[in-house]
Structures are given as structure tokens and as C-alpha cells.
Amino acid sequence: MDIQPRLQAITRERYQLEPSQCDDGQLYHALLQLTQELCRHRAAPQGKRKLYYFSAEFLMGKLLSNNLLALGLYDQADALLKQWGSSLANVEEMEPEPSLGNGGLGRLAACFLDSIAALGLSGDGVGLNYHYGLFRQVLKENCQQELPNPWIGEESWLIPTGTTFTVPFGFGPMKAVLWDIAIPGAHTDVANRLHLFDVEHPAPAPESGIDFDKTDIAHCLTSFLYPDDSDEAGRLLRVYQQYFMVSAGAQLILKELDEKGIDPRQLCEHVAIQINDTHPSMIIPELTRLLLERGLSMDEALHQVAHACAYTNHTILAEALEKWPMSFLRQVAPQLEPILRELDRRAKAVFPDPRLAIIDGHDTVHMAHMDIHYSYSVNGVAALHTEILRKAELKPFADVYPDKFNNKTNGITLRRWLEACNPRLAELIDECVGQGWRTDPSRLEGLMDYAGDGAVLSRLLEIKSENKIALCRALRRRQGLRIDHDSLLDIQAKRLHEYKRQQMNALYVIRKYLEIKAGHLPPHPITVIFGAKAAPAYVMAKRIIHLILCLQRLIDADPQVNPWLHVVMVENYNVSWAERLIPACDLSEQISLASKEASGTGNMKFMANGAVTIGTMDGANVEIAHLVGQDNIYTFGASSDHVIGLYAHGGYHAWQYYERSGIKPLVDFIISPQLLAIGNDADLRALWTDMKEKDWFMALLDVEDYIATKDRAVLDYGNRSAWARKALVNIAKSGFFSSDRTIAQYNQDIWHLG
Ligand code: 26V
């Protein structure tokens with residue numbers, strides 16, 4: 001299809017200008033309109049069963065390039081824009097990034113929508129339309145500050161549907177307004193939808209910061225994703241958000257069934273509901289309630305619900321396994337209480353073991369327990385994670401429901417995370433193995449034939465180098481930083497959490513700093529880059545950011561050190577930053593405490609872009625290591641079994657490790673005069689104390705092994721052709737981590753969409 005005439009007509013109509021006279025903002029809006037028109041003409045996929053993927057987060061990233069790629073118009077649009085004096089890259093700068101997610105779980109949901117559509121499966125997302133998103137991170141005075149992140153302009157990807165539902169809150173009914181985002185499938189002619197529910201009259205952005213009236217449910221329910229839940233009003237608001245999403249979503253499901261003329265007594269034959277972590281769990285009692293209203297008996301309703309719902313667990317961190325006091329639920333949705341009590345009564349009648357209870361002795365409702373009893377599938381997100389769920393975290397459940405438990409190792413869409421973000425690498429792959437990998441990622445394996453091909457390996461290094469230059473340019477433009485693009489780029493980009501151990505990486509930086517000051521230079525310059533947001537109420541995470549920023553300052557100002565070492569904290573790490581960082585990365589940091597990272601998905605993105613991983617045997621790192629082999633990954637650290645044993649027996653004492661001669665000077669440097677001169681005394685001291693006395697995620701247990709392993713990687717990096725070979729093997733083996741494979745497995749084992 002030739003899009004030039006329509007684009008021309010749009011710019012004439014909108015601006016009375018030819019495309020070549022338009023600025024990038026005008027071109028962006030013209031392309032947005034065109035893309036929306038083309039998506040509108042796409043039909044929904046057909047199937048006996050339709051999937052509803054319920055998630056509190058969909059971390060979509062910018063949509064223009066992705067949608068053009070799916071429509072098969074990417075190259076044509078780019079060529080036209082170049083002809084008109086711009087480019088897709090420039091025009092894309094005009095697009096605000098939708099801010100509907102937080103980290104891995106939300107980005108996974110977005111990759112899944114992309115793959116579901118690309119496989120031509122009938123499946124829509126259901127979530128909330130947050131106006132100010134997570135938050136926008138600003139780095140000021142060596143600290144993170146939070147600002148609203150508005151992304152919905154006059155025109156956006158949101159399509160008004162005219163559909164509304166009434167959500168029956170305890171305080172009275174509230175209207176839920178449905179907006180849609182089209183999800184066109186690549187290599188198909190169908191499109192699914194992301195359904196986002198919103199309040200009728202959203203509140204304006206807070207004047208400063210992200211504080212707002214958490215009790216003003218009617219206007220603020222969709223203001224922010226994960227409002228600060230350190231107080232009761234914040235926690236209640238989260239329950240309001242969750243019930244709003246599932247009540248409106250359940251009504252949407254029943255409306256669509258009605259429109260197809262299907263009796264709700266056959267719901268489970270026509271509907272699959274994937275519950276993405278526990279945030280949407282109230283879909284179970286809510287759908288049950290609505291089916292009872294439609295005349296089904298409790299037995300009939302529960303049969304339908306339990307054969308429609310499937311639950312994915314994304315974390316084993318206890319604090320993220322949600323449980324709500326019944327008093328909260330009663331306040332938000334009193335009509336759920338009798339249903340929840342009945343669900344609990346029935347579960348207890350069959351399984352009296354109190355560990356399996358939905359409602360415990362304190363009248364607290366355990367959402368994951370409800371999900372497991374009333375779903376037909378429970379899955380973990382990587383082989384190790386599922387094994388830990390089965391053998392430890394959820395063992396009592398796996399013992400009574402062995403057949404419900406299954407693994408679905410996460411995946412990423414290579415369309416965004418390779419084709420779009422690293423087009424030169426994609427072209428090189430085309431030249432080697434043909435274009436078939438774009439629809440069948442297992443063909444990336446064909447690259448293994450080039451592991452000894454000097455010409456291909458040097459092309460690979462050239463492409464990496466170009467991507468590094470582009471990243472350094474972006475860092476200079478956006479943050480005024482001067483980074484040596486020839487240095488080894490070592491990147492840790494993910495949410496900030498103690499279990500992910502950015503603090504351990506900071507200890508490596510301190511070690512290098514001290515070595516350089518003592519005259520021991522590394523074999524080549526190293527740049528350690530962090531991208532991370534800390535949850536606003538997570539004090540320790542903010543202190544780790546503070547430490548990193550203080551180190552950045554210290555090193556930047558030291559001419560003895562900065563030719564050899566840099567530390568960079570990227571401001572406001574988001575999908576767009578990830579798309580620049582990942583193609584430029586040499587060494588990918590995946591250093592969580594073994595057993596704590598359910599899967600990780602950044603690890604897969606870095607690998608597919610030819611970064612070599614340094615990582616613990618945790619989450620999907622285990623599968624990566626297995627695929628690429630020990631020569632092509634740097635693994636270190638205690639095993640998950642060992643770590644689980646330490647927690648079980650209280651066998652870890654940070655101070656024993658702190659006293660070691662290789663560790664103490666690094667930890668003590670946190671409160672050195674140099675750092676105290678830059679940073680905040682109380683914060684650095686609190687971090688120091690925590691690290692040597694508590695260190696809940698055992699950074700000191702692994703830090704020596706980590707430093708030795710990383711030093712080995714840094715040394716190996718000097719052998720450029722051997723390093724390029726490692727990169728090539730990583731790319732070749734990354735096909736397994738395509739979310740198309742993951743979704744095909746979900747469909748085959750769980751959804752059966754037909
Ligand atoms: C839970 C909570 C609860 C307290 C308030 C804030 C908050 C925010 C997020 C969550 C859920 C986090 C779960 C999550 O993101 N898990 C990640 O899921 C990825 C996709 O499966 C996986 O790759 C990561 O390893 C896992 O951490």
C-alpha cells in the first residue's frame with residue numbers, strides 16, 4: 001500500500017501544508033492519524049474462545065514505530081519522512097511515552113499483546129488508564145525526585161469507545177469509561193485491543209510532585225499507577241483501583257458474550273481470563289457475583305469462573321503477594337464479602353490445612369490463595385521460579401493441585417527489542433540467515449554457522465560500536481554527559497530493588513575507584529550505567545540511588561580516575577531509554593540474589609542484542625546459561641538452594657562477611673570523607689549500617705565472587721574477536737526467548753483459543 005497520498009491529504013487538511021513543509025510534531029500527528037485509520041480497518045481475530053488478559057500494568061512504550069512495523073509500513077514511512085527532510089527517529093521524538101507500567105510485569109504484558117496479535121489469536125488486554133503514570137524521575141542534588149508523567153494529549157493512541165459500565169462501590173455507583181488502544185498484529189491483517197478503564201472526570205495533575213487527595217476516588221482513581229501505599233488511604237485506593245478494573249472488565253466480558261448470543265452458563269467454553277499477578281484477582285468473586293445476578297447457581301457460577309480463570313505468579317517476594325484485610329474489601333465492595341466467605345468456606349471444606357486458607361484467622365484475604373483454588377492453571381515465569389513455587393513458596397498448594405502448576409518461561413517481542421531498536425543488527429542477521437527469523441525466531445540459531453567468520457564478527461563489533469556512539473550522543477544531549485564510547489559499557493537497567501542488588505554493582509565501582517587511585521589501572525576504560533526508578537516510599541532504594549549519584553559526582557570530578565571509569569545514572573529510565581541502552585550494551589548485569597528474580601526479561605533483551613551476561617543462577621538466567629554454555633556467560637554467586645537454606649535457618653550474618661579484608665574497605669567507603677563531602681550524611685550512614693548489619697539480600701555473600709568474575713569479563717573483553725563470538729552465540733540462542741514462543745505455549749497448554 002502506498003501511504004503517500006493519504007499522508008499528503010492529511011497534512012493538507014489539518015495544516016494546509018505539504019508534508020515537506022511540516023515540522024516533526026505535525027508529521028507525527030499525521031502519521032498517528034493514518035496509523036489509527038489503518039488499524040480501524042482491521043478485523044478482530046476469530047476463535048472459539050477469547051482471551052482477556054487482565055493486568056494492572058501495560059508498559060507499552062511508544063507506539064508509532066511498533067504499529068508501523070506491524071502494519072508493514074515502517075520502511076516506507078521512514079523513506080518518505082527522509083524525503084521530506086525528517087526521519088522516523090526524529091518524528092518519534094515527538095511521541096510521549098505511554099506511562100502505564102512499572103517494570104517487568106508490565107512490559108511482559110505489552111510483549112504478550114504484541115505476540116497474541118502477531119499469532120492471529122483472539123485476545124484483548126484489560127487494564128486502567130493512568131493519567132500520570134508511574135512517575136517521571138528527576139535526578140536533583142544526587143537524589144531522585146518524582147513528578148507526574150502526563151502522556152495523554154489532545155490526540156493520543158486512545159480511541160474513545162462510547163462504552164461505559166457502572167461499578168458498584170460501597171460509597172455508591174461510579175461510572176467506568178472505556179478507552180481502547182489498537183494492537184495490530186505483525187504479519188497478519190487482524191488487530192486486537194487494549195481496553196483501558198477510566199474515571200469520567202479525571203483530576204488534573206497535582207501542582208507539584210505526586211501528592212494528591214487519595215480519598216477523592218471519583219476523580220483520582222486513575223491518576224497514578226501504584227499510588228504511594230505507605231498509608232491506609234493509599235492502600236485503600238489500590239483496592240478501589242483493582243475492583244474498578246475487574247468489575248468493569250467482568251461487565252465487558254458478559255456484554256461481549258451477550259452480543260455473541262452466548263449463554264453465560266457456557267462462559268468458560270468461550271472465555272479465558274489470565275490474571276497477571278494478584279492485582280486483578282478480584283475478577284474471581286466479581287464475575288461470580290455477576291453470574292449469580294444472571295440466575296446461575298453458586299455451583300454453576302463457580303464452575304464457569306474456575307474454568308475460565310488462570311493465574312500467573314510473577315514474584316516470590318512475600319511483600320508482593322497481596323493480602324487485604326476484609327475490612328478494606330468490605331468498605332470498597334461490600335457485595336463481595338459474602339462471596340469471598342463462600343469461596344473460603346468451600347476451600348476449607350475440602351482442604352482444612354490453614355496454610356491453604358483464603359481468609360486467615362485475622363480476617364485477611366490472601367489473593368494468591370483464592371487464585372489458586374479458583375483457577376484451572378497456575379504458572380510461574382521461568383523454569384527455576386516454577387520449581388521454587390512448587391517446592392517451597394506454594395508447596396502446600398502444589399501438593400494438592402499438582403496438575404494446575406505449570407511453567408511458562410517469559411519472552412520478549414523481538415519486533416520491538418531487535419528489529420525496531422537495532423535495525424542494523426537485524427539487517428546483518430538477514431544477510432546471514434535470511435529474513436525467516438523475523439517470523440520464526442528459532443532460525444536465529446543459523447547464526448551459529450558464522451561463529452568462526454571473521455567478517456561477520458567484525459561487522460557485529462562495528463554495529464555495536466555505532467550503537468554505543470548513538471547512546472553516548474543521547475546521554476550528552478539529554479544529560480550533558482561525556483562518555484567514552486570506546487569504553488566497555490556495563491549496564492544494569494531495571495527497577496531499583498535491594499534484591500536486584502544495584503548496591504553490589506556500586507561496590508564494584510568503589511573497588512575499581514580505589515584500585516585506580518592506588519595506581520592499578522583496568523585493562524581498558526569501563527562505563528557502568530544504571531537505569532532505575534525507586535518506588536517513592538522505598539527509602540532504602542532511594543538511598544542506593546543516592547550512593548550511585550554520589551559516586552558519579554566523585555568520579556566525574558577526579559581526572560585521575562575518569563579516563564578509566566565512569567558511572568552514569570540515566571534519568572527517568574523508561575522503555576525509550578531501554579531501546580537505546582540495550583543495543584549499546586557490552587556487559588549485561590543480571591545479578592539478583594539467586595531465588596529472588598522470578599525471571600527477568602531485560603536479560604533476554606540484552607542477550608538478543610549481543611550483550612554478554614554477568615549473572616547469578618537466578619530466574620531465566622539459568623535457561624540463558626544452559627542455552628549459550630559456560631563460555632558465553634559469566635555466572636557467579638550462591639545457588640538458589642543455598643540461599644533458600646540460609647533464609648530457612650537464619651544462617652546469613654552480614655557482619656561476618658563485612659569483616660573480610662576484601663569487603664570492609666568497600667563498604668566503609670560509603671561513609672568515607674570523600675563521599676560524605678558530596679552526599680547526605682544520614683542517608684549514606686543508614687545505607688552503610690544496613691549493609692554491614694542486615695544486608696537482607698546478601699550482597700556481601702556474593703560480592704567477592706562478583707568482583708572476580710566481572711574482572712575476568714573485563715579482561716576477556718580485550719580479545720575483541722573472542723568477545724564478538726560470545727555476542728554472536730548469545731544472539732543465535734535468543735530465539736527461544738521470543739514471546740511468540742511463550743504465547744504459543746500459553747495457548748497450547750492453557751488458553752486453547754482455537
Ligand atoms: C507488586 C507490588 C506490591 C507493592 C506495591 C508495588 C508493587 C509493584 C509491583 C508488584 C508486582 C511486581 C511483580 C513483578 O513485576 N514481577 C516481575 O515480573 C517479571 C515478568 O514476569 C519478571 O521477569 C521479574 O523477574 C519479576 O520481578
Side-chain angles (χ1 to χ4, degrees), residues 53-59 100-113 127-128 130 133-135 224-231 234-239 241-242 274-281 311-324 367-368 371 378-386 388-389 393 407-413 417 493-501 532-538 541 578 590-607 615-616 618-624 640 697 737 739 742-743 746:
Y53 194 90
F54 275 73
S55 178
E57 304 182 28
F58 289 92
L59 188 46
L100 299 172
N102 160 21
L105 165 134
R107 185 52 233 177
L108 185 78
C111 284
F112 278 9
L113 291 185
L128 292 176
Y130 309 102
L134 182 64
F135 60 85
F224 288 95
L225 166 71
Y226 299 132
D228 174 3
D229 60 358
S230 54
D231 60 14
R235 284 194 291 279
L236 258 178
L237 176 54
R238 282 174 58 93
V239 183
Q241 288 184 327
Q242 295 183 356
Q274 193 68 38
I275 300 176
N276 198 31
D277 227 86
T278 52
H279 316 122
S281 298
Y311 159 62
T312 305
N313 177 290
H314 292 268
T315 179
I316 55 169
L317 289 186
E319 67 263 29
L321 281 181
E322 290 181 303
K323 33 187 199 298
W324 297 114
M367 308 314 268
D371 291 328
V378 176
N379 76 282
V381 290
L384 176 71
H385 171 57
T386 302
I388 293 173
L389 292 180
E393 275 319 288
N407 178 57
K408 295 288 166 284
T409 296
N410 282 165
I412 56 169
T413 171
W417 294 111
K494 49 184 80 251
R495 284 306 301 274
L496 211 134
H497 202 292
E498 287 162 281
Y499 85 80
K500 295 176 186 282
R501 300 198 293 190
K533 289 182 185 177
Y538 188 173
Q590 309 300 335
I591 59 176
S592 54
L593 175 64
S595 80
K596 293 295 177 192
E597 187 71 270
S599 161
T601 44
N603 46 2
M604 304 169 187
K605 294 166 197 165
F606 281 106
M607 168 195 195
T616 47
D618 198 17
N621 296 354
V622 175
E623 286 155 90
I624 294 178
S640 59
F697 294 101
F737 297 109
S739 47
T742 313
I743 288 302
Y746 271 90

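Note that ligands are numbered from 1 as they come in the structure, with each ligand's atoms numbered from 1 the same way. Just so we're clear, the structure is a prediction, and the values are computed from it rather than from any experiment. Positions are given from 1, in the same order as the sequence printed here.
For the salt bridge (Lys or Arg N to Asp or Glu O under 4.0 Å) test, residues two or more places apart in sequence or in another chain that qualify with K500 are E597. In this structure, R107 has no salt bridge (Lys or Arg N to Asp or Glu O under 4.0 Å) partners at least two apart in sequence or on a different chain. Under the rule for a salt bridge (Lys or Arg N to Asp or Glu O under 4.0 Å), the partners of R238 that lie at least two apart in sequence or sit in another chain are D229, E322.
Judged by the 6.0 Å distance and 45° axis criteria, K596 is not positioned over the aromatic ring of F697.
With hydrogens and angles disregarded, no donor-acceptor distance shorter than 3.5 Å links the side chain of N379 to the backbone of N407. At distances below 3.5 Å, not a single donor-acceptor pair connects side-chain atoms of N621 with backbone N or O atoms of G619.
Closer than 4.0 angstrom to ligand 1 sit non-hydrogen atoms from N102, G104, L105, L108, Y226, D229, R238, H279, H314, A320, V381, N410, Y499, E597, A598, S599, G600, T601.
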